[in-house]
Amino acid sequence: MRHNLAHLTVLMIAIASAGPCFAQVERQGETFKLHNIFSRGMVLQRDKPIKVWGWAKPGEKVTVTLGQESAEATAAGAAPVEVFGCTNDYKGLGKWEIELAPREASSEPIHLIATSGGEKVTLDNILIGDVWVMHGQSNMAFPAGKANTSDLLPQANLPLLRLYSITGNEQATLQDDIRPEAITTEGGWVISSPETARDFSAIGYVFGLNVQRTLQIPIGVIKTARGGASIESMVPAHKFDEHPLAKRYAEHVRKQMAEFDPEAEADRMWANAKARAKRKNQPEPERPDPKNLRSWNVPGKSPSDMASVHNGMFGVFKGYNIKGVLFHQGYNNTIGGNFWPKRYRVLMKLMVEGWREDFNDPELPVGVIGFCADGKGAQYSENFEVQGTANAPFIRESQRLGLDDVGDPVNTVFIPAYDIQSQGLHPGQKREHGWRSAKWALGKIYGVKGVRWIEPIKLVSAGAHGDVMVLGFDMRVQPDDGSGMPRGFSIAGEDGKYYMAHARYAEYGKEHMWTHGARSIQVWSPMVEKPVAVRYGWGVAPMGNLYVAGQQDQPFPSFRTDNWDPPESEDPAEKADDDRKQRKEDAEARLAARRTKEASMGEEFVTRLDKLSVPIVPLEDAAQKGMK
């Protein structure tokens with residue numbers, strides 16, 4: 001094991017030392033460099049200290065002038081700089097850092113001039129405002145030009161909206177600088193325009209568009225999303241040892257890293273490639289270069305592995321102060337060996353805490369946009385039970401509960417997204433996510449008058465009354481379609497077998513509408529005589545139609561009242577004992593039985609539905625305005 005670890009270490013150093021980088025950028029001279037997060041056209045975070053750092057010859061004095069303010073520093077002694085593939089560009093240099101006083105927002109462009117040892121770097125058109133990070137996987141990276149945001153691109157000529165994008169820079173160790181080729185917005189910050197916004201994150205563009213126009217201050221948006229990434233790759237490395245579940249996982253990955261043999265992996269990949277070529281009557285491919293394997297095949301660097309995306313795409317610019325983060329991820333954690341909902345909940349909390357530590361802001365605003373819905377998995381009456389066996393709702397639940405575990409409802413929010421349903425793993429409907437996130441930020445973080453964002457509704461009671469489950473909420477939960485009929489519920493007895501259920505509001509009369517209206521929902525299925533649990537919005541693209549006080553921008557989150565968790569081992573090397581085929585067959589049998597039962601009831605079924613709105617819980621005991 002020690003031999004293999006040494007082999008891997010030498011390999012990583014050899015690749016990281018290759019250079020110089022093929023793309024040098026404006027803020028990098030031969031012996032004097034600024035970190036690559038800095039460029040002309042950038043937005044610096046208002047109301048927080050402004051840090052500027054880079055590298056120079058050891059002992060050299062560095063002077064940085066921003067507008068009319070200057071500061072000096074002396075470069076430290078030479079030390080290794082982690083920049084994968086570019087290490088030689090920094091060889092023999094020492095780090096320097098200056099800090100300038102916080103400033104108010106300003107749309108007046110200023111210059112940054114940095115000098116050292118006869119070298120000079122000048123960056124112009126710099127603004128002071130708010131900087132937001134768009135983090136997650138491919139649905140956060142999905143470009144505005146390919147989504148339902150494309151018709152908003154003519155509005156993108158916004159001089160005060162600036163964009164910056166990092167992609168494909170997952171690394172096994174925390175990086176000190178960003179590889180120039182990983183910066184996909186022309187090597188640095190760009191001004192928003194129909195051309196520059198087209199390839200930028202659709203969600204990030206809509207968010208920035210609405211926030212900037214409303215606040216009328218400079219807004220910078222940094223996209224750090226990586227397609228196919230699991231949440232494990234987005235948690236800062238130093239956080240894994242803080243929880244037993246996360247620590248066991250981290251030790252498992254470290255063991256894989258220590259045992260990894262790139263030569264053997266290259267041979268394995270080559271054998272597979274040759275077999276595929278033979279089946280297709282194609283020429284034999286060349287053997288992969290063991291020194292340049294794709295990241296997915298390298299333990300610790302794979303976008304599925306601990307901290308890899310954070311190392312090269314988010315933590316790499318910590319020190320550059322920001323206003324907040326939007327996070328949109330989840331699909332990768334619903335499939336195969338990545339489905340660990342209990343661990344996901346733990347990692348969600350650790351991730352947010354780690355960001356706050358990295359950026360020295362214990363109240364850093366964080367919005368989590370729930371795992372999106374693939375419309376191909378749309379749930380309806382004819383497939384309800386089958387779609388209810390999906391992994392997706394457990395990950396959505398872990399996102400919501402993990403964020404709740406942070407214990408900061410003032411500065412965090414979970415924004416459900418399951419109601420935005422269009423087909424494909426990359427649904428084209430992104431405008432809604434960007435707008436909802438902007439609405440939350442404007443209403444709750446910025447306190448803009450006239451922007452209404454309602455506090456999350458809570459389920460305050462759930463109890464069986466005969467064959468009916470009665471749910472009570474502390475605020476109104478209403479459909480946004482005017483039907484007045486809640487949909488998307490399922491119900492189960494002690495056997496844990498869920499069936500699609502029918503739901504109605506308990507009608508306490510017009511005179512009590514203000515205090516009791518749309519707060520009690522009565523749920524029933526002829527298949528369950530003694531119900532003990534209810535689920536709502538439980539599927540990949542569930543049938544739920546409830547919204548917070550009927551607000552279209554705030555879907556009521558999926559939830560369950562049971563604690564019947566899917567099988568999940570505490571040993572990360574041990575796969576869960578889960579027979580998906582059997583699950584599907586069981587669900588299909590329940591679906592057929594339910595449809596047969598309801599059809600056989602005839603008029604009795606209709607009569608029972610008509611009576612379902614008759615209140616079961618007395619008025620004085622029912623959920624009502626002000627209940628907690």
Show the nearest heavy-atom pair for residues [X] and [Y], with the distance to one decimal.
| X | Y | value |
| --- | --- | --- |
| Gly129 | Ala105 | CA-CB, 4.4 Å |
| Val221 | Phe200 | O-CZ, 3.5 Å |
| Ala144 | Thr149 | O-OG1, 2.8 Å |
| Pro58 | Gly77 | CB-CA, 4.0 Å |
| Leu127 | Glu108 | CD2-C, 4.1 Å |
| His111 | Ile126 | C-CD1, 4.2 Å |

Salt-bridge present ([X], [Y]; N to O < 4.0 Å):
| X | Y | result |
| --- | --- | --- |
| Lys349 | Glu353 | yes |
| Lys318 | Glu357 | no |
| Glu265 | Arg268 | yes |
| Asp408 | Arg356 | yes |
| Glu242 | Lys247 | no |
| Asp47 | Arg103 | no |

Side-chain ([X]) to main-chain ([Y]) donor-acceptor, under 3.5 angstrom:
| X | Y | result |
| --- | --- | --- |
| Trp270 | Pro285 | yes |
| Asp177 | Asn36 | yes |
| Asp176 | Glu82 | yes |
| Thr214 | Val211 | no |
| His310 | Val235 | no |
| Asn311 | Ala307 | yes |
| Asn332 | Gly228 | yes |

Scan side-chain atoms only and decide if [X] and [Y] contain a donor-acceptor pair under the 3.5 Å cut-off.
| X | Y | result |
| --- | --- | --- |
| Ser165 | Thr184 | yes |
| Glu432 | Asn148 | yes |
| Asn210 | Gln212 | no |
| Tyr344 | Gln399 | yes |

For residues 166-194, which residue pairs pass the ring-ring contact (aromatic ring centres under 6.0 Å, His included) check, not counting sequence neighbours?
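Those involving residues 166-194 are Tyr164-Trp189.
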Using the salt bridge (Lys or Arg N to Asp or Glu O under 4.0 Å) criterion, which residues pair with Asp267? Sequence neighbours excluded.
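Scan of Asp267 (salt bridge (Lys or Arg N to Asp or Glu O under 4.0 Å), adjacent residues dropped) gives Arg287.
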Residues that Asp130 engages under salt bridge (Lys or Arg N to Asp or Glu O under 4.0 Å), provided they are two or more places apart:
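With sequence neighbours excluded, Asp130 shows a salt bridge (Lys or Arg N to Asp or Glu O under 4.0 Å) to Arg46, given in chain and number order.
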Who are the side-chain hydrogen bond (donor to acceptor under 3.5 Å, both in side chains) partners of [X], not counting sequence neighbours?
| X | result |
| --- | --- |
| Thr31 | Glu119 |
| Trp132 | Tyr446 |
| Trp53 | none |

So do [Y] and [X] actually touch side chain to side chain, heavy atoms under 4.5 Å?
| X | Y | result |
| --- | --- | --- |
| Leu44 | Leu66 | yes |
| Trp440 | Trp435 | no |
| Val368 | Thr412 | no |
| Leu293 | Pro288 | yes |

Please name the residue in the list Val64, Asn321, Leu100, Ile98 that meets the side-chain contact (heavy atoms from CB on, under 4.5 Å) test with Ile50.
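Going through Val64, Asn321, Leu100, Ile98 one by one, the side-chain contact (heavy atoms from CB on, under 4.5 Å) with Ile50 is satisfied by Leu100 alone.
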Stepwise salt bridge (charged side-chain N to carboxylate O under 4.0 Å, His left out) check, Asp89 with Lys33
CA-CA 10 Å; Asp89 294 342; Lys33 306 175 186 296; 5.6 Å; no
Aromatic ring proximity, centroids under 6.0 angstrom, Phe327 and Phe414:
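No, the ring centres sit 6.0 Å or more apart.
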Is the distance between the ring centroids of His35 and Phe317 under 6.0 Å?
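No - the distance between ring centres of His35 and Phe317 does not fall below the 6.0 Å cut-off.
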For Ser192 and Tyr205, run side-chain contact (heavy atoms from CB on, under 4.5 Å): C-alpha distance rounded to whole Å, both residues' side-chain angles, the deciding distance at 0.1 Å, then the answer.
CA-CA 9 Å; Ser192 174; Tyr205 166 60; 4.2 Å; yes
So which of His328, Lys430, His433, Gln329 actually passes side-chain hydrogen bond (donor to acceptor under 3.5 Å, both in side chains) with Asn139?
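Single side-chain hydrogen bond (donor to acceptor under 3.5 Å, both in side chains) partner of Asn139 among His328, Lys430, His433, Gln329: Lys430.
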My understanding is that only residues two or more places apart in sequence, or in another chain, count here; which of them pass side chain to side chain contact (heavy atoms under 4.5 Å, CB included) with [X]?
| X | result |
| --- | --- |
| Glu186 | Val190, Thr196 |
| Ser70 | Thr65 |
| Pro194 | Ala156, Asn157 |
| Asp361 | Lys48, Glu363, Leu364 |

Between Trp55 and Tyr90, how do the two ring planes meet: parallel, tilted or perpendicular, split at 30° and 60°?
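Plane angle over 60°, so perpendicular.
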For Phe240 and Tyr249, take the angle between the two ring planes, folded into 0 to 90°, and tell me which bin it lands in: parallel under 30, tilted 30 to 60, perpendicular over 60.
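Answer is tilted, since the angle falls between 30° and 60°.
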Test side-chain contact (heavy atoms from CB on, under 4.5 Å) on Asp305 and Met257 and set out the steps.
CA-CA 10 Å; Asp305 285 350; Met257 294 172 69; over 6 Å; no
Considering only residues two or more places apart or on different chains, which pairs with a residue in residues 158-167 satisfy salt bridge (Lys or Arg N to Asp or Glu O under 4.0 Å)?
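Every candidate salt bridge (Lys or Arg N to Asp or Glu O under 4.0 Å) pair involving residues 158-167 fails, so no pair, neighbours aside, qualifies.
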Would you list the pairs meeting salt bridge (Lys or Arg N to Asp or Glu O under 4.0 Å) in which at least one residue belongs to residues 210-232, sequence neighbours left out?
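Residue pairs with at least one partner in residues 210-232: Glu170-Arg226, Glu232-Arg343.
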Whether Lys57 engages the ring of Phe32 as a cation-pi pair (distance to the six-membered ring centre under 6.0 angstrom, angle to the ring normal within 45°) should be assessed.
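No, Lys57 and Phe32 do not form such a contact.
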So does Lys61 have more than 12 non-hydrogen atoms from other groups sitting under 6.0 Å from NZ?
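Count not over threshold, so no.
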Assess whether atom CD of Gln216 is packed by more than 12 heavy atoms of other residues, nucleotides or ligands within 6.0 Å.
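Enclosed.
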